[in-house]
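Have a look at the structure below before the remarks.
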There are 2 protein chains.
Amino acid sequence: MEVAEEEFLMKGFSGARTVEIAERAGVSHSMLHYYYKTKEQLFEHVMGEKLQRLKESVTTVFMIEDMPVVEKVVELVVRHFEFLSENPDLPRFIINEVIVRPEYAEMMKREALPILEDAVARLQRELDAAAKEGEVRTMDASTLLMDIVSVNLFSFIVAPILSSVKPDMDFQAYYHARCQENVQLILNRINPDIK
Amino acid sequence: MEVAEEEFLMKGFSGARTVEIAERAGVSHSMLHYYYKTKEQLFEHVMGEKLQRLKESVTTVFMIEDMPVVEKVVELVVRHFEFLSENPDLPRFIINEVIVRPEYAEMMKREALPILEDAVARLQRELDAAAKEGEVRTMDASTLLMDIVSVNLFSFIVAPILSSVKPDMDFQAYYHARCQENVQLILNRINPDIK
DNA sequence: ATTTTGTTGAACAAAAATGTTAAACAATTT
DNA sequence: AAATTGTTTAACATTTTTGTTCAACAAAAT
């Protein structure tokens, strides 16, 4: 699975070769087709797993009891950011595949949307409760989630451009700073006393 | 050529099919191979043309006589921005191909670097002359060009993210505003009296 | 008018990639 | 111990894609 993920991310769906995946993974070519009939199925499994891990890291936040919603939001931003740190070229890959293979866009809608909707629903409930107590501003959970996703994605999309302009930059420091800035930005967004 | 460009941009090098390109272009399959022995050669021709047009739109600025260098820089920003407007998904495509096909990165270095170096040399000469007169700050032409490229690219890379957050946004207005902002940003950068 | 060049269609060769199958054997489960 | 499941090798079938060739004909150049 690791090798398959690498090959797909590096070469795209149409560029990746099942034979090479098998070879690099040290298993026989037949094996791949024994478990996954087609390249398409292998791909869906790999991407499904990725989404699964994203979902886990994000939705377990809502399982934490007795945590104020503000802290949960912070945790959400940080976990999403960390997921991106571990998968820095997943966004490029997805954007590309969505354009290159319309059927993949379908799959994404099918798989990713329910996860998002689930998170939106949970978040909305907690936000509404907290808003009643005056802890946060009254707001749309979907808007807030979109803000979180885009502000984080942004940091990773800009990174390569920055590094091409400043080739000697310290990525570690950059990511650390960006994550904190993003947290602050989102905190301001839900703070009832600002703006 | 138009169809080939579309197919390559939409499906990537490995996803594009020579048969489909021929079919869609209304020419016979044989014809493609009559003129371009291989898919690789066709690709190189298409991308070469693209680069050529970028080069023309950019370097003809230096041919304009009796134009102050500050105005030439403005013209440079605007022309590069316009080129990107006409080729909005070229950046995504190039970033992707560079990662997916290392040999393409080589080709880019071979083809694009000389163009850049040529522009840098011309610009440096004019900047130096203008700096002596106190019209602009003393500065590196390569740095300035990198600033122009990255600030413009940025506007186009952010666009899809913005539109996903605000699906009803007015692109026409956005691009118009961004171009002017970028011009201003670069003008501030060469202004000898600021900072 | 003749030669060269461009173009097509159709068939086909070659290569590359995917997907299948069967025989043999190892590992695991029952 | 027997049955099931996992795995490999190696061959092979299929499909997809790329690249070639040739005969015929049109268009353009000489």
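Residues passing the side-chain hydrogen bond (donor to acceptor under 3.5 Å, both in side chains) test with A:E7 are A:K11, A:R24, sequence neighbours excluded. Every residue was checked against the ring pair (Phe, Tyr, Trp, His ring centres under 6.0 Å) condition with A:H80, not counting sequence neighbours, and none meets it. Scanning for ring pair (Phe, Tyr, Trp, His ring centres under 6.0 Å) contacts around A:F81 gives A:F156, with sequence neighbours left out.
The aromatic rings of A:Y36 and A:H45 sit tilted, their planes meeting at an angle between 30° and 60°. Between B:F171 and B:Y175, the ring planes lie tilted relative to each other; the angle falls in the 30° to 60° range. Between A:F93 and A:F43, the two ring planes are tilted [angle within 30° to 60°].
Pairs passing the side chain to side chain donor-acceptor pair (under 3.5 Å) check and including a residue from residues 51-67 of chain B, sequence neighbours excluded, read B:T60-B:R79.
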> When you check every protein heavy atom under 4.0 Å of nucleotides 6-20 of chain C, what one-letter string (B, S, -) results, 5' to 3'?
Replying inline: BBSBB------SBBB

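For the pair B:F43 CZ and D:dT18 P, the interatomic distance rounds to 14 Å; values are reported in whole Å.
Classification of B:D118 and B:R122 as a salt-bridged pair holds, one side-chain N sitting under 4.0 Å from a carboxylate O.
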Set out, line by line, the N/O atom pairs under 3.5 Å between protein and nucleotides 24-26 of chain C.
none

